[in-house]
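Only one structure is covered here, and it is reproduced in the block below.
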Amino acid sequence: MAHRVTLLPGDGIGPEVTDATVTVLEATGIDFDWDRHQVLGQMAVERGRPALPPDVLASIESTGVALKGPVTTPVGEGFTSVNVQLRQHLNLYANVRPCATIPGLDTRFDDVDLVIVRENIEGLYSGIEHFDERLQIADSIARVTRQGTEQILRFCFEYARRHDRERVTLAHKANILKKTSGLFLEIGREIAEDYPDITFDDRIIDALCMELVMHPDRYDCIVSTNLFGDILSDLGAGLIGGLGVTAGANVGDDHAVFEAVHGSAPDIAGQNVANPTALMKSATMMLRHLDEEAAADAIDESLLTLYREQTSLTPDVGGEASTTEFAEVVADRVADRRSA
Ligand code: NAD
């Protein structure tokens, strides 16, 4: 039976990396029934529609799974980020970003194997903001709830168990943010007691950032509140070769949206040079979510081979191939594995 998946190409480089990823997914031989929605974000607003149109939400509510390209968010004004809205409407409370060294890709370290688990709905991204025009004072509320914190902490420990990970580090700033970070840390310590098989410790966020850029091999799973987790995710991406190669997933109890860590990259949009590896790796996370392990392995191994051989890579990682050329080579390798 075909997998029904909502496909949201997004804007900027989104449609390019999405088409490339669909080419590779279809090379696995698995049947997909794509429910494609192109109109989202600015495109929707220009047509007088909400940035997150109701038909997009209804589609994900019905399929349970979406593969999503990046969507541009206006800075400082305009509509609320489509990503933030999707996460909040669908209760996609966990953002998972695996950051593992890709052999062959020239980076500062050759032994990074981190997973950043970010709380995806609360904290400073709760959307509770206020601006006092007269006093010229702006406030953003960082809301941390017991229910939301327990949910993300349990998710992280369960993820660690399922993926044979040994350690969970909680990143916080409880020395200063005694209420919000303090609650997150207190609940982290409580939940850790239910997982005696997993080592638990905590780090203050600034010190952790310094340690990560010096000794990333010392860390395993890292869990944090929304803003710290967002920043750590990009730091993790930088450790393994950049935004073009780092995958991500937004996961809730009923739905999951798989998307790359990167944004819409307006500086290279429309040039057929964007690296689709990040979205392809997000797609393999989606395949595993759909219990299609063999197909996920075929794509992951094909990607690893190309990086090891330095074949047909895109310019951001030192190659000269276009997005479409890279996709065709990956699809050929995946098809070869199928027929082997
Ligand atoms: P960005 O990730 O779009 O780009 C940062 C830099 O990385 C740029 O130089 C870009 O060319 C490069 N880059 C990113 N992805 C690449 C890829 N696949 N291949 C090669 N190079 C790549 O970040 P930004 O410029 O801060 O954000 C642009 C827009 O994207 C903003 O509107 C932002 O809100 C939005 N955004 C969306 C998402 C999402 O939809 N999930 C995530 C992050 C940012």
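When a ligand or atom number is given, it counts from 1 through the structure's own listing order. The first residue of the sequence shown is numbered 1, and numbering continues consecutively from there. Quick caveat: nothing in here was measured; it's all calculated off a predicted structure.
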Those residues that, when tested against Ser312, pass side-chain hydrogen bond (donor to acceptor under 3.5 Å, both in side chains) (two or more places apart): none
Aromatic ring pairing His3/Phe32, orientation class (parallel under 30°, perpendicular over 60°, tilted between): tilted
Proximity of His215 and Phe109 rings by center, below 6.0 Å: no
Please tabulate, one line per pair, the protein nitrogen or oxygen atoms found under 3.5 angstrom from a nitrogen or oxygen of ligand 1, with distances to 0.1 Å, or say none if there are no such pairs.
from     : atom 1 : to     : atom 2 : distance (Å)
ligand 1 : 2 (O)  : Gly263 : N      : 2.7
ligand 1 : 3 (O)  : Gly263 : N      : 3.4
ligand 1 : 3 (O)  : Ser264 : N      : 3.3
ligand 1 : 3 (O)  : Ala265 : N      : 2.7
ligand 1 : 9 (O)  : Asp267 : OD2    : 2.8
ligand 1 : 11 (O) : Asp267 : OD1    : 2.9
ligand 1 : 11 (O) : Asp267 : OD2    : 3.0
ligand 1 : 18 (N) : His262 : NE2    : 3.4
ligand 1 : 18 (N) : Asn275 : O      : 2.9
ligand 1 : 19 (N) : Asn275 : N      : 2.9
ligand 1 : 30 (O) : Ser264 : N      : 3.0
ligand 1 : 30 (O) : Ser264 : OG     : 3.2
ligand 1 : 32 (O) : Thr73  : N      : 2.9
ligand 1 : 32 (O) : Thr73  : O      : 3.2
ligand 1 : 40 (O) : Lys68  : NZ     : 3.2
ligand 1 : 40 (O) : Val71  : N      : 2.8
ligand 1 : 40 (O) : Asn83  : OD1    : 3.3
ligand 1 : 40 (O) : Asn83  : ND2    : 3.0
ligand 1 : 41 (N) : Glu259 : OE1    : 3.0

Set of residues satisfying ring pair (Phe, Tyr, Trp, His ring centres under 6.0 Å) with respect to Tyr93, sequence neighbours excluded: none
Residues forming a side-chain hydrogen bond (donor to acceptor under 3.5 Å, both in side chains) with Asp11, sequence neighbours excluded: Thr72
Pi-cation contact, Tyr219 with Arg167 (under 6.0 Å, within 45°): yes
